[in-house]
Amino acid sequence: MASYDFTSVEKKWQNKWAKDNTFAAKQDYTLPKFYALVEFPYPSGDGLHVGHPRSYTALDAVARKKRLEGFNVLYPMGWDAFGLPTENFAMQHHIHPEIVTERNVARFKSQLQSIGLSFDWNREVNTTDPDYYRWTQWIFLQLYKHGLAYKKEMNVNYCTGCKVVLANEEVVNGFCERCGSQVIHKTKSQWMLKITAYADRLIDDLKDVDFIERVKTQQINWIGRSYGAEINFTSTQGDTITVFTTRCDTLFGATYMVLSPEHALVSQWLEKGVLKNAEEVREYQIAAAKKSDLERTELSKEKTGVCLDGVAAVNPGTGKEIPIYISDYVLATYGTGAIMAVPGHDTRDWEFAKKFGLPIIEVVKGGNVEEEAFTDCETGTLVNSGFLNGKTVEEAKEAMLEWLSSEGKGRKQVNFKLRDWVFSRQRYWGEPIPMVYCEKCGWQPLPEEELPLRLPEITDFEPGEGGESPLSRHEEWVNTTCPCCGGPAKRETDTMPQWAGSSWYFLRYMDPHNNEAIASPEALAYWGPVDWYNGGMEHTTLHLLYSRFWHKFLYDIGVVPYKEPYKKRTSHGMILGLNPRSFVNMSKEDQDRLVAEHGSVEAAKKALVEKYGEMAEHPVVKMSKSLKNVVNPDDIIRDYGADTLRLYEMFIGDFEQAAPWSTNSIRGCKRFLERIWSLQDMLVDGDTYRPELEASFHRAIKKVGSDIDTLKANTAIATMMALVNDIVKTGAINRAEYHTLLMLLNPFVPHITEELNERCGLSGELAYETWPVYDEAKCVDSSVEMPVQINGKLRGRITVPTDSDNETVLALAKQDEKVAAALEGKTLVKEIVVKNKLVNLVVKG
RNA sequence: GCGGAUAUGGUGGAAUUGGCAGACACGUUGGUCUUAGGAACCAAUGGGAAACCGUGCAGGUUCGAGUCCUGUUAUCCGCACCA
């Protein structure tokens with residue numbers, strides 16, 4: 001037997017697959033189809049990370065198995081290549097982003113190919129390719145034409161690090177999702193996409209798709225739908241102040257109002273001079289505007305506010321006058337930017353009322369409003385509320401809504417946390433927004449025939465001082481003619497965010513070279529929707545939400561024939577690395593040195609925490625360049641081979657959970673493959689499974705098949721390891737057995753299995769074979785070993801023919817030496833037999 | 001604060017629907033082979049001398065609980081003044 005030279009074996013098969021187009025999706029639309037999708041990567045300068053292959057290999061196994069089961073499989077790959085890191089790199093090194101992108105893509109591609117993933121490379125897409133972004137721009141124009149894209153002066157999130165505007169989804173706790181810099185507010189004129197118009201459907205249609213629960217709940221929470229009412233209060237100045245509330249039943253308990261500091265009425269009153277404490281109010285407004293999101297949350301514990309002196313409101317329920325405050329705990333961007341405060345039944349209002357000495361009225365009985373706000377909607381009964389008295393909260397809400405609408409004082413209303421999508425970025429490396437501004441005609445869309453609107457060739461990518469796009473400096477590009485009147489006009493200089501190109505890329509794979517449309521109607525109808533989409537949880541409220549929104553829009557305008565883009569969505573856990581700053585991961589010498597230095601292990605650990613922060617307490621952390629714990633898949637492929645890398649990534653643990661990388665454990669996978677390789681020495685003739693292995697094989701086929709379908713590759717592999725252990729014990733493997741074993745392994749380790757299959761002449765190429773079938777009836781052995789328990793404690797074991805009746809089993813059980821001894825002198829109370837599983841005898845005395 | 005998830009040997013992790021806890025690996029120990037290092041292979045490996053005890057902790061249901069119920073703790077994730 002030749003030794004297992006994985007490098008040449010893997011190269012050989014990769015070349016053959018490329019040459020034969022083995023994994024190309026077929027153009028035949030009559031075949032049953034399966035579309036497997038993984039998120040296309042951002043081709044960063046760092047190259048592939050060991051995290052990438054985890055997701056890619058898992059779906060590769062699914063795709064390979066589906067092909068073997070006769071499906072026409074589409075498993076494509078491409079590049080989400082617009083984005084800031086490339087642009088920043090280009091700026092630092094004075095290389096055009098296009099060249100940087102090209103280089104990074106080439107590197108990523110060769111890395112991916114060295115893993116032996118069965119992508120259909122004929123369908124590769126790249127979001128920075130003008131033939132691609134032409135259609136991204138086209139979709140934008142359709143959005144514009146349908147009133148879903150608009151330009152608006154907005155208070156936006158601005159990243160101080162990236163010098164760019166961010167979408168709400170890109171801000172995490174007041175910091176930039178990408179670079180971690182602080183986010184501040186700026187007023188800017190921005191293109192916006194009306195994702196809010198789809199808020200209801202983005203929630204409701206989740207019931208028709210098979211997404212893992214946490215993805216669904218995260219999307220639902222992000223969209224944040226709440227049902228309630230808008231109620232009109234009147235001010236002593238005669239204005240109408242509309243509030244949104246989910247608890248209209250508590251109207252009689254509203255003892256004051258709060259407006260957000262940015263509320264339009266506040267400025268109006270200031271201008272009219274009706275406020276006696278105008279100075280104080282202005283100061284509060286300025287202070288609130290200055291606060292970043294971060295400060296606003298940090299300071300959330302202690303409530304602040306100013307009472308508007310000179311104006312009051314009338315509670316439409318009680319008819320009583322109540323004071324109006326401004327406070328930054330009321331958000332300008334949610335609801336109407338104004339609330340009725342019901343301190344008895346809202347925790348925030350209660351805190352505010354306590355601080356400012358405002359009256360607290362109980363209108364729902366059931367708690368003690370002097371102690372804390374009573375917010376329970378299930379148990380209380382309305383009191384002090386006129387016509388609502390005696391009703392439950394639910395009944396009171398209904399009655400109040402009826403009363404409000406009949407009196408014209410309010411109406412039912414649904415509100416969302418979701419905001420429209422800020423779609424402009426002041427950067428070069430993105431799709432130009434195909435809009436033109438004309439003094440006479442206003443904003444005009446570029447005619448579709450003029451797409452793609454290409455990026456101009458420039459060399460200065462730095463964003464402008466005032467946060468304007470670098471494109472704005474290039475007059476020859478900016479100055480154009482108005483598509484409407486033909487007069488002089490200027491192009492929009494902002495570009496689209498990175499999420500634009502990825503919002504529809506899965507459609508382009510269906511027909512990537514189409515020059516007439518994003519894809520042909522036939523291709524869209526046949527391939528879509530994506531049958532299985534796997535990707536990171538970090539994209540749940542970004543890419544996943546955005547692409548569902550675009551897709552629904554494309555459905556509405558008749559471009560795609562189905563409402564949801566993805567039938568099924570799963571998510572992989574991260575691959576973590578060892579934390580070199582954690583005490584337990586340090587070398588013995590370093591540990592000893594630290595202990596000597598600080599006196600004890602505890603003190604040494606404490607010192608590490610002081611030095612590096614809490615992170616030092618975690619033995620496993622995200623891989624990062626600064627910690628130097630990043631594992632490069634190239635090294636693993638060089639030292640162990642692609643099949644070992646694939647197998648290890650699948651064996652590492654539950655696919656959905658984060659898992660620490662362990663270079664030790666990878667050897668076990670290598671060993672297993674060596675074992676598979678050396679099985680060829682035991683090869684004997686035989687075209688059926690030998691009787692002693694028959695049940696093991698049928699069970700393995702069943703288990704491996706279902707495990708691939710449910711992403712439980714770790715147990716599939718364990719099953720095959722156990723099967724190999726069983727085979728080795730017999731000292732031989734016959735041709736039928738070897739063939740089945742190689743088939744089962746093929747989706748995980750395609751190179752070594754093809755090679756062995758060829759060397760032993762077992763069949764033609766495995767890639768064109770049929771997935772093995774099992775027979776349920778043959779999954780069971782002829783006899784089973786059953787444990788015998790007495791009072792639930794294991795006392796003996798018996799071997800009986802499978803499916804023996806209870807009498808036989810009990811008789812045998814009682815004959816067992818240990819069991820008989822344990823029964824001695826006791827009274828048998830109950831006998832329990834679980835067929836083929838266990839015997840339990842309950843005794844007394 | 002609210003919501004969700006998780007907790008099993010020295011480690012990663014298994015365990016149909018309540019039915020032999022620790023599959024499969026890693027590591028460790030011993031052995032074989034080797035000039036050596038390594039690799040490979042074989043054996044043992046939850047704790048305990050044993051009776052027994054063992055799935056974060058405390059209860060409960062059951063003939064039987066890692067699994068179900070009640071309470072509790074820790075960790076992780078999401079949301080976070082959303083009226």
Side-chain angles (χ1 to χ4, degrees), chain A residues 172-173 213-215 217-222 224-226 228-229 243-248 250 254 258 260 293 296-297 299-301 303 327-331 333-342 345-349 351-352 375 415-419 537-538 540-541 573 584 617-620 647-648 651-654 656-672 674-675 678 703 706 712 714-725 785-797 829-843:
Chain A
V172 181
N173 296 330
E213 272 318 303
R214 54 194 177 128
V215 167
T217 42
Q218 245 181 71
Q219 291 211 345
I220 291 168
N221 290 343
W222 183 261
R225 176 164 61 190
S226 42
V243 301
F244 174 71
T245 177
T246 52
R247 292 293 305 276
C248 62
T250 61
V258 186
S260 74
D293 279 359
R296 245 171 122 135
T297 30
L299 297 171
S300 69
K301 290 175 187 103
K303 292 210 168 16
S327 171
D328 64 6
Y329 87 89
V330 173
L331 307 174
T333 49
Y334 184 77
T336 61
I339 62 156
M340 64 176 204
V342 185
H345 307 284
D346 181 285
T347 317
R348 295 149 302 181
D349 298 344
E351 281 168 22
F352 192 88
T375 55
N415 259 331
F416 299 91
K417 284 198 246 178
L418 185 71
R419 301 270 72 92
M537 280 309 289
E538 70 276 17
T540 303
T541 51
V584 294
E617 293 184 78
H618 299 280
V620 249
L647 192 68
Y648 174 62
F651 190 55
I652 194 167
D654 188 311
E656 291 201 5
Q657 303 293 127
W661 182 268
S662 154
T663 308
N664 272 333
S665 306
I666 204 169
R667 292 206 193 98
C669 292
K670 177 73 189 309
R671 241 172 251 165
F672 175 63
E674 297 273 7
R675 236 168 160 211
S678 57
K703 176 79 175 145
S706 69
K712 301 248 176 282
N714 53 336
T715 48
I717 292 164
T719 303
M720 292 187 282
M721 285 173 167
L723 178 63
V724 170
N725 291 344
E785 194 190 58
M786 290 171 72
V788 182
Q789 298 179 337
I790 291 174
N791 289 349
K793 299 231 160 114
L794 185 67
R795 283 290 178 265
R797 292 169 187 286
V829 185
K830 201 170 178 184
E831 297 169 333
I832 294 144
V833 180
V834 184
K835 206 170 207 178
N836 298 332
K837 275 272 158 76
L838 113 172
V839 181
N840 189 16
L841 304 173
V842 186
V843 298

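The sequence lines fix the lettering, A, B, ..., with proteins before strands; numbering per chain opens at 1.
Taking atom CG of A:L838 as the reference point, atom P of B:A65 lies 12 Å away to the nearest angstrom. One atom, CG of A:N791, and another, P of B:G64, lie 8 Å apart when rounded to the nearest Å. If you take CG of A:D349 and C1' of B:A83, they are 7 Å apart, rounded to a whole angstrom. The CG-C1' distance, from A:N415 to B:A83, rounds to 9 Å in whole Å. Between the CD atom of A:Q657 and the C1' atom of B:U8 there is a distance of 14 Å, rounded to whole Å. In this structure, NZ of A:K417 is placed 15 Å from P of B:C2, rounded to the nearest angstrom. Separating the OH atom of A:Y334 from the P atom of B:C79 is a distance of 17 Å, rounded to the nearest angstrom. As rounded to whole Å, 9 Å separates atom C1' of B:A14 from atom NZ of A:K703.
At a threshold of 4.0 angstrom between heavy atoms, the contacts of A:A658 are confined to the sugar-phosphate backbone, with no base atom among them. A:R795 comes within 4.0 angstrom of sugar-phosphate atoms only, judged by non-hydrogen atoms across all strands, and of no base. A:E785 comes within 4.0 angstrom of a nucleotide base, judged by non-hydrogen atoms across all strands.
Distance check on atom C1': B:G47 versus B:A74 gives 24 Å, rounded to whole Å. Remark: the separation of the P atoms in B:A7 and B:U67 is 11 Å, to the nearest Å. Between B:G4 and B:G59, the two C1' atoms lie 25 Å apart (nearest whole Å). Straight-line distance between the C1' atoms of B:A58 and B:G12: roughly 30 Å, to the nearest whole Å. Taking atom P in both B:C81 and B:C26, the straight-line distance is 49 Å, to the nearest Å. Rounded to the nearest Å, the gap between the C1' atom of B:A50 and that of B:G3 is 50 Å. Separation of the C1' atoms belonging to B:G9 and B:G27 is 12 Å when rounded to the nearest angstrom. Taking the C1' atoms as reference points, B:U55 lies 15 Å from B:C68, given to the whole Å.
Residue whose closest nucleotide on RNA chain B sits further toward the 5' end, between A:T217 and A:S226: A:T217. Each of A:F244 and A:K837 was assigned the nucleotide of RNA chain B with the nearest heavy atom; the assignment lying further toward the 5' end belongs to A:K837.
Of the possible polar contacts, one joining the A:Q219 side chain to the A:T540 backbone as a donor-acceptor pair under 3.5 Å is found. Distance alone, capped at 3.5 Å, is enough to place a donor-acceptor pair between the A:N791 side chain and the A:V843 backbone.
With a 3.5 Å ceiling on both atom-pair distances, B:C20 lacks any Watson-Crick or G-U wobble partner. Applying the Watson-Crick and G-U wobble criteria (two distances, each under 3.5 Å), B:G27 pairs with B:U45. In a base pair of the Watson-Crick type (N1 to N3 plus N6-O4 or O6-N4) or a G-U wobble (N1-O2 and O6-N3), with each distance short of 3.5 Å, B:U6 is matched with B:A74. With a 3.5 Å ceiling on both atom-pair distances, the Watson-Crick or G-U wobble partner of B:G59 is B:C69. Base pairing of B:C79 is made with B:G1, judged by Watson-Crick or G-U wobble geometry with both donor-acceptor distances under 3.5 Å. Pairing partner, B:U35: none, since no Watson-Crick or wobble contact has both distances short of 3.5 Å.
Proximity note for A:Q218 (side chain, C-beta onward) versus B:A14, B:G78, B:G12: the nearest is B:G78.
For B:G9, the glycosidic angle deviates from 0 by 90° or less, giving a syn base.
In this structure, the side chains of A:M340 and A:T245 come closer than 4.5 Å at one or more pairs of heavy atoms. Contact of the A:M786 side chain with the A:L838 side chain is not registered, since no non-hydrogen atoms from C-beta on lie closer than 4.5 Å.
A donor and an acceptor atom sit less than 3.5 Å apart, one in the side chain of A:R797 and one in the base of B:C20. Checked by distance alone, A:K303 brings a side-chain donor or acceptor within 3.5 Å of a matching partner on the base of B:C81.
Nearest heavy atoms, A:T246 versus A:S226: CG2-CB, 4.0 Å. Closest of all the heavy-atom pairs between A:L794 and A:P787 is CD1-CB, 3.5 Å. Residue A:S662 comes nearest to A:Y648 through the heavy atom pair N-OH, 2.9 Å, listed as atom of the first residue, atom of the second, then distance.
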Passes side chain to side chain contact (heavy atoms under 4.5 Å, CB included), A:V620 versus A:W661? Steps please. CA-CA 9 Å; A:V620 249; A:W661 182 268; over 6 Å; no
Let's go through A:T333 and A:R419 carefully: what are the C-alpha distance in whole Å and the side-chain angles of both, what is the deciding distance for side chain to side chain contact (heavy atoms under 4.5 Å, CB included) to 0.1 Å, and is it a yes or a no? CA-CA 8 Å; A:T333 49; A:R419 301 270 72 92; 4.1 Å; yes
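Between A:Y334 and A:F244, the angle of the ring planes goes over 60°, which puts this pair in the perpendicular group of the 30/60° scheme.
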Between the protein and nucleotides 21-29 of chain B, which nitrogen or oxygen pairs are less than 3.5 angstrom apart?
unit_1: B:A25; atom_1: OP1; unit_2: A:N725; atom_2: ND2; d: 3.2
unit_1: B:C26; atom_1: OP1; unit_2: A:R671; atom_2: NH1; d: 2.5

